[in-house]
Amino acid sequence: MTSLLIRGGTVVNADRSFACDVLCQDGLIVAVGENLQAPSGATVVDAGGQYVMPGGIDPHTHMQLPFMGTTTMDDFFSGTAAAMAGGTTSIIDFVIPNPQQPLLEAYQTWRGWAEKSASDYSFHMAITWWDESVKRDMGTLVQQEGINSFKHFMAYKNAIMCDDETLVNSFKRALELGAMPTVHAENGELVYLLQREVAALGITGPEGHPLSRPPMVEGEAANRAIAIADVLGVPIYVVHVSCIESAEAIARARARGQRVYGEVLAGHLLLDDSVYRDPDFASAAAHVMSPPFRPKGHQEALWRGLQSGNLHTTATDHCTFCAAQKAAGRDDFSKIPNGCGGVEERLAVIWDAGVNSGRLTPSEFVAITSANTAKLFNLYPRKGSVSVGADADLVVWDPQGTKTLSAKTQHSLGDFNVFEGRTVRGIPSHTVSQGVLVFAQGELRAERGKGRYLKRPAFGANFAAAKLRSEANAPTAVQR
Ligand code: URP
Ligand code: ZN
Ligand code: ZN
């Protein structure tokens, strides 16, 4: 039996915090109480002056993703190992079939790639095309394979973009199955047009990237997806909300009673679009991701969304390409592989900018870094809570510890760090995965293949949302 006792810390859950010891045995939390005794042979961690929180869950990563003609630097081992060095103990990645590729074939491919994961992991399934086999396979994935969320890219025309017909068909099917539809909200037709218009102005460098994807392009898609979900009566989760326009679309819908959820990336909370005006191509290109970093002002709206409860989760969209890969777009910004890292830094930068600034309490931090994700994707309370019976995935958080973030010291195989040079206060001293110390005082002990695939059951009968729009405007028979 492997035992680990975390002694003398303050346990922080999303609902409360309290001084307590935590005893883990064989991968589970078996006791949360005062003055717990260490079983013989147990490893003991002194958490005095520190917080003991659920390990982070990153609901949006892309490890080993083939995308835009190349494949990300981090695979499932290096990416999850980096995550654990930063206190994140589970990821939800994406299976992304090529258009016309059977969903189950892509699913098996990703399951194979993910076998090397160091931490636990799960998958959202992207719907990139539609026919009866897709509809059938969605059922198999939900009912047999534990996938309860489907992703729709409203951008990336001529690649993985979903048109409205596919969105409607897939949302309707997700509702039948009790699965959550999610969207990358950007109007792909507008992006396609603007990329050409910007190029016609002679702008070929990375500064063209945000010009081709302005906030209203995201706002339009968010409003459209939310409206479709409303008409069908299905909840919806909007990934990487980056701007005021889509944050407001979510807040408006929620004020009407619609079940809409929003995810924010650590990068979008902290960085602005000045990064694209760096004369150094490599640095500007390293920041190319979609949606792009936004003009200052949008970040404050995202923080307020998290503070007010209109936005719910934080993620990274970890998708690392190195300088040589980014160079594919040297003469054409639309060919720069889209993606940035951050899976290792998410907790620290959000703690530093969110908790140290007073925007968030430690419990609110737990809500937006693990508990809300676990609840929204049906992993709770196995994940996202420090409680008896939960998986022993924990982070011991030193609120006084400091670190200067850098590509030179990161564990990710990416060669760039979007938070380069930022000194944060509040860092993990220890990370525990399946009851075992996988990171201790700077030493990473990630083990290839140790991570488990997490099945996420479908949502139950109460999943369907009221059809607010259609009921408010319900036609009444005209008396003649
Ligand atoms: O630029 C990004 N975000 N790359 C990954 C794919 C996506 O859109 O999530
Ligand atoms: Zn996306
Ligand atoms: Zn993504």
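Note that ligands are numbered from 1 as they come in the structure, with each ligand's atoms numbered from 1 the same way.
Within the 4.5 Å cutoff, the side chain of T314 has no heavy atoms near those of the L265 side chain.
For the pair R259 and Y261, the cation does not sit on the ring face, since its NZ or CZ is not both under 6.0 Å from the ring centre and inside 45° of the axis. With F321 as the aromatic partner, K326 does not meet the cation-pi criteria of under 6.0 angstrom to the ring centre and within 45 degrees of the ring axis. Y453 carries R111 over the face of its six-membered ring, with the cationic atom under 6.0 Å from the centre and within 45° of the normal. Cation-pi check for K116 over F76 is not met; the charged atom does not lie both under 6.0 angstrom from the ring centroid and within 45 degrees of its normal. Geometric assessment of R452 against the ring of Y121 yields a negative cation-pi assignment under the 6.0 Å and 45° thresholds.
Residue contacts with ligand 1, taken as heavy atom pairs separated by less than 4.0 Å, involve M289 via backbone and side-chain atoms alike. Only the side chain of D317 comes within 4.0 Å of ligand 1, counting heavy atoms alone; its backbone N, CA, C and O stay farther away.
Residue contacts with ligand 1 leave out F94, since none of its heavy atoms falls under 4.0 Å from the ligand.
The heavy atom nearest to atom 2 (C) of ligand 1, considering only A315, S290, C319, is found in S290. Counting only non-hydrogen atoms, the option in Y156, F67, F321 that gets closest to atom 7 (C) of ligand 1 is Y156.
For a threshold of 3.5 Å applied to N or O pairs, the pair formed by K151 and ligand 1 contains no separation below that value.
Here the protein contributes H60 NE2, H62 NE2, D317 OD1 as N, O or S atoms under 2.8 Å from the Zn ion (ligand 3).
Side chain of D272 to main chain of V275: no donor-acceptor pair is present (N/O by atom type, distance under 3.5 Å, no hydrogens or angles).
Taking atom 4 (N) of ligand 1 as the reference point, the nearest protein heavy-atom neighbour is N338 O, 3.1 Å.
When each atom of ligand 1 is checked for a heavy atom of H240 under 4.0 Å away, the hits are 8 (O), 9 (O).
In this structure, K172 places its NZ atom where only 12 or fewer heavy-atom neighbours from other residues, nucleotides or ligands lie under 6.0 Å away.
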Derivation of the side-chain hydrogen bond (donor to acceptor under 3.5 Å, both in side chains) call for H152 and H184: CA-CA 6 Å; H152 306 81; H184 167 136; over 6 Å; no
D332/T204 under side-chain hydrogen bond (donor to acceptor under 3.5 Å, both in side chains): CA gap, chis, key distance, verdict: CA-CA 5 Å; D332 177 354; T204 58; over 6 Å; no
